[in-house]
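Structure first, commentary second.
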Amino acid sequence: MRLTRYFLPVLKETPAEAQIVSHRLMLRAGMVRQASAGIYSWLPLGYKVLRRIEEIVHQEQQRAGAIPVLMPTIQSADLWRQSGRYDDYGPEMLRITDRHDRDMLYGPTNEEQITEIFQAYCSSYRDVPKNLYHIQWKFRDEVRPRFGVMRGREFLMKDAYSFDLDKASAIHSYNQMMVSYLRTFGRMGLKAVPMRAESGPIGGDYAHEFLILAETGETQVFVDSELLDLNFQDREIDYHDQAQIQAICDEWTGAYARTDDTHDQAVFEVEVPKERQVTARGIEVGHIFYFGTKYSEPLGAMIATPEGERVAVHSGSYGIGVSRLVGGIIEASHDDKGIIWPESVTPFDVGLVNLKQGDAETDAACEALYGQLKAAGLDVLYDDRDERAGAKFATMELIGLPWRVTIGPRGLQSGTAELTWRRTGETHEVSPEDAVSRLAETYRGL
RNA sequence: CGGGGCGUAGCGCAGCCUGGUAGCGCGUCGGUUUUGGGUACCGAAGGUCACAAGUUCGAAUCUUGUCGCCCCGACCA
C-alpha cells in the first residue's frame, strides 16, 4: 500500500479526551474515531489490527474444537424473560421496541440464544460434546465508558458456549478453552494469566479471568511470580487428550493468582514466598466460566442419556474481548514514540521509507524493493509522501510497524538499505535482497 | 448514580471576569527554500463560537434551559 493513496489520518497532537496511552496512540495513529461515548468507528489501520486479532481467535478456537456460528446483535426479549435475565440485567441492557411495539434488545451476551439453538436440534448424548462460538458486536450500556476501546459500550467479543452430558465432560470442555486461551494470547505476544474469579452459585474452581499486566489496568491483581515465568510458546497440543489438557491447566493454575475480588491476603502470604509476591494492575481480556445447568434448565435444553433418562445439559461460556485486545496489546507494547506491534497482529508487516522522494534513483530503488517485498508475500506500507526524513520516521514509529526498511541516497551509493527493528531501534545495513529474505523468514508461519 | 470540568477552524488552545463585527500554534492549499529525525519564509482557504430562549442598540462573552463530551468515585455475567 502506498501511503499517498491510503487513509491514515495521523495526529501530531493528542486529542484532549484521551487519558490512557492506548487511547491516545489509537487516536494519534488514526486507528479509530469516536462516534459517541463508548462507540467507535474503526479506521483502516485500526480495522486491520482488529481483523488480525479476530483471525487468531478464530484459528485457535477451531483448533480447540469450537465451531463458528454467527448470531444476531438484536434479540427478542422473550428468551430473556424465560431465563429470568430480562428483569435481572438492569439498565446496562439496551432495550428497544420495533414498529409492532415488540420488546427487543441489543445483545449484551448470547447464552439464551445459543441455548435455544442447541435445544432445537440436540436431544441425545450422541449430540454432545459441542462447543459453538461466534465473534459478534455486543452492547452494554456502561454507566461510564472510558479508556477508548478498552471499555466501550459497543465492543467486539468472542463468546463460546459448550454443551456436555455431565460435569466431568464439561470440565474437559472448560479446560480445552483455558488451554486455547493460553495459546491465543501467547500468539499475540501477551502474557495473560488465568486468575481465579468469582464462580457464582455453582461453586468450585471453574471460573477464571485472564489478565494481562499493565500499569493502566483497572483491576488490582496478586500473583505468584512463578506463573509469570511460565511460557506456553508453541507446544504441541492434542485437545482430545484429557490428561495433557488437565496437566497444562494444573500448571497454570497451580500457583496463587487472584484479582481483588477473590484475593485473600492471608492465603497469599502463606502460599507465596515473599520474593515471589507480585502485586500489580491488570486488564481483563478473557473470561471462562462453567455454569452447569443455569440456562439449560429454564430454557429446556435437555438431552437423553444412554440409559434413556432426560437431563439438563451442562454448559460453560468463554469470552474474549476482541476489540479490547487492540488497546490491551498497545498498553503492553509501546514506548514514548508510539505503538510497537507484535508481528502477529501488526497492520502491515513492514514499512518502506523513501528518504528522497522525487529523486529518480531512490524512487526506482524503492519501487523495485516494494515489488519484491510484495512478491515475497509481505504486506508493505510504502511511505511515498514528499516529506522529510524526520516526519516519515516519526509516522512509522507512531503507527508501530515492527520493521522498517529505509532507502536513501547515502545507502544507495553502496547498494544497501537499512533494516530497522522497531522494538529496539537496532539497524542493519543490508542489501535489498537480504532485507526481503530476512523479513520473509521473520514472518514465515505467522 | 454522587461529585467536578469542558463544548470557539481538522487537532491543541486563547478570548468570556469588565458585551462592541473572532485570534494563536499545528495541520491543509499555493509558492520559494531545505533534504538522513516533525526545515525556514511568504501568501491563502477554512468558524451558524454545541443548541434554544431571554436581557441588551449590540451577546462567543451576561441569564435560564436543553444536548453532547471528559475526569474522580460507586458500578462492571
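We name chains A, B, ... by the order of the sequence lines, and we start the count at 1 in each one.
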Qualifying salt bridge (Lys or Arg N to Asp or Glu O under 4.0 Å) pairs, either residue in residues 408-417 of chain A, two or more places apart: none
Pairs touching residues 213-222 of chain A that satisfy salt bridge (Lys or Arg N to Asp or Glu O under 4.0 Å), sequence neighbours left out: A:Arg151-A:Glu218
Can you pull the salt bridge (Lys or Arg N to Asp or Glu O under 4.0 Å) pairs that have at least one residue in residues 324-336 of chain A, sequence neighbours excluded? A:Asp335-A:Arg422
Using the salt bridge (Lys or Arg N to Asp or Glu O under 4.0 Å) rule, collect all pairs that involve residues 173-188 of chain A, keeping only residues at least two apart or in two chains. A:Glu60-A:Arg183, A:Glu60-A:Arg187
Could you write nucleotides 66-72 of chain B as a row of B, S and -, 5' to 3', where a protein heavy atom under 4.0 Å of any base atom gives B, of only sugar-phosphate atoms gives S, and otherwise -? ---SSBB
Does A:Ser414 have any side chain to side chain contact (heavy atoms under 4.5 Å, CB included) partners at least two apart in sequence or in another chain, and if so, which? A:Thr416
Restricting to ring-ring contact (aromatic ring centres under 6.0 Å, His included), what partner residues turn up for A:Trp80, sequence neighbours left out? A:Tyr89
Among residues at least two apart in sequence or on other chains, which ones pass side chain to side chain contact (heavy atoms under 4.5 Å, CB included) with A:Lys48? A:Tyr6, A:Pro347, A:Phe348, A:Asp379
Using modelled atom types only, decide if a donor and an acceptor are shared between the side chain of A:Thr395 and the backbone of A:Ala391 within a distance under 3.5 Å. yes
Test: ring-ring contact (aromatic ring centres under 6.0 Å, His included). Region: residues 147-171 of chain A. Which pairs qualify, not counting sequence neighbours? A:Phe118-A:Phe163
Separation of A:Lys392 atom NZ from B:U39 atom P, in whole Å? 13 Å
Residue pairs fulfilling ring-ring contact (aromatic ring centres under 6.0 Å, His included) with at least one residue in residues 317-336 of chain A, sequence neighbours excluded: none
Determine, for nucleotides 22-30 of chain B in 5'-to-3' order, which nucleotides have protein heavy atoms under 4.0 Å from the base (write B), from only the sugar-phosphate (write S), or from neither (write -). ---BSS---
Quick one, which residues of residues 355-373 of chain A touch RNA chain B with a heavy atom under 4.0 Å? A:Leu355
